[in-house]
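Since the structure comes first, as structure tokens, the remarks are kept for the end.
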Amino acid sequence: RTPLGLVAPGTDAAGAATVWISADAVSWTGAPIPEASYVLHAAVADDGTLVVLGQQQDADGNRTPTIWTSPDGAVWTMRPFPVDAGNWSVPDLERTPVGLIATLKGQDAGSAWLSTDGVTWTQVLETSSRMSVGTAGTEAILLGTDAWWHSADGVTWDEAAARAEAVRLLTGHPPVA
């Protein structure tokens, strides 16, 4: 939920990248996203700015991560992500207690990026796998294929000691034997 209501990235009837906004989950208004090939994730920055993560696809088929921001859900500004063009996937974008976190996956590595405003992004972690973003209490969580990390500030990431530790942190209870 955002200050404007519910937000869902997707496409319109013609297949154009669109962000859908609804105050009541019944009536939806679509806002086309300029120059987007795909919009896959939406989040809200601390100041209320809507942020969507998607991709631009070039003539060679490269899919490069791109951010679009909007103060009102109607007018969108494209903000190129600070990575080289290439064949990327964009697994996740979430608002967490430490700020917005986006995860990317290139051919050889996965990475996590932090932003407080949706405009400026800093890489905070690189792994060999795809990651998803979550929250546990006051910490941000990154869940990878074979490992997971947690951070109270978004800058320092601690790898979990074991899978059982993930259960304790995510639920607040020790695992049941």
Smallest separation among heavy atoms of [X] and [Y], with atom names:
X      : Y      : value
Leu104 : Pro91  : CA-CD, 3.8 Å
Val90  : Pro65  : CG1-CB, 3.8 Å
Ser27  : Ser22  : O-OG, 2.7 Å
Ser151 : Gly154 : OG-N, 2.6 Å
Ser37  : Gln57  : OG-N, 2.8 Å
Leu142 : Ala112 : CD1-CB, 3.5 Å

Contact list for residues 54-87, test ring pair (Phe, Tyr, Trp, His ring centres under 6.0 Å), sequence neighbours left out: Phe81-Trp113, Phe81-Trp121
With hydrophobic residues grouped by side-chain heavy-atom distances under 4.5 Å, do [X] and [Y] end up in a single group?
X      : Y      : answer
Val119 : Val19  : no
Trp148 : Met131 : no
Val83  : Leu100 : yes
Leu40  : Trp88  : yes
Tyr38  : Val7   : no

Contacts of type side chain to side chain contact (heavy atoms under 4.5 Å, CB included), residue [X], not counting sequence neighbours:
X     : result
Asp84 : none
Thr77 : Thr69, Arg79
Pro97 : Thr135

So do Met78 and Ile33 actually touch side chain to side chain, heavy atoms under 4.5 Å? no
How about Trp28 and Leu6: do any of their side-chain heavy atoms sit closer than 4.5 Å? yes
Ionic contact status for Arg130 with Asp92, cut-off 4.0 Å: no
Output, in order, the C-alpha distance, side-chain angles, deciding distance and verdict of side chain to side chain donor-acceptor pair (under 3.5 Å) for Asp47 and Thr49. CA-CA 6 Å; Asp47 67 359; Thr49 299; 2.8 Å; yes
Strictly distance-based, threshold 3.5 Å: is any side-chain N or O of Trp157 a donor or acceptor partner for the main-chain N or O of Ala152? no
Working note: Glu94 + Thr103, criterion side-chain contact (heavy atoms from CB on, under 4.5 Å); need CA distance, chi angles, decisive distance, verdict. CA-CA 9 Å; Glu94 299 289 337; Thr103 59; over 6 Å; no
Rounded at 0.5 Å granularity, tell me how far [atom1] in [X] sits from [atom2] in [Y].
X      : Y      : atom1 : atom2 : result
Ile141 : Ile101 : CD1   : CD1   : 9.0 Å
Ser115 : Ile67  : OG    : CD1   : 7.5 Å
Trp149 : Leu125 : CH2   : CG    : 5.5 Å
Asp153 : Glu139 : CG    : CD    : 9.0 Å
Glu159 : Thr127 : CD    : OG1   : 9.5 Å
Asn87  : Asp58  : CG    : CG    : 10.0 Å

Take Leu50 and Val44 through the test side-chain contact (heavy atoms from CB on, under 4.5 Å) and record every step on the way to the result. CA-CA 5 Å; Leu50 297 176; Val44 181; 3.8 Å; yes
Not counting sequence neighbours, which residues clear side-chain hydrogen bond (donor to acceptor under 3.5 Å, both in side chains) with Ser70? List them please. Asp72
Applying side-chain hydrogen bond (donor to acceptor under 3.5 Å, both in side chains), can you list everything that pairs with Asp12, at least two apart in sequence or on another chain? none
Can Thr156 and Asp158 be counted as having a side-chain donor-acceptor contact under 3.5 angstrom? no
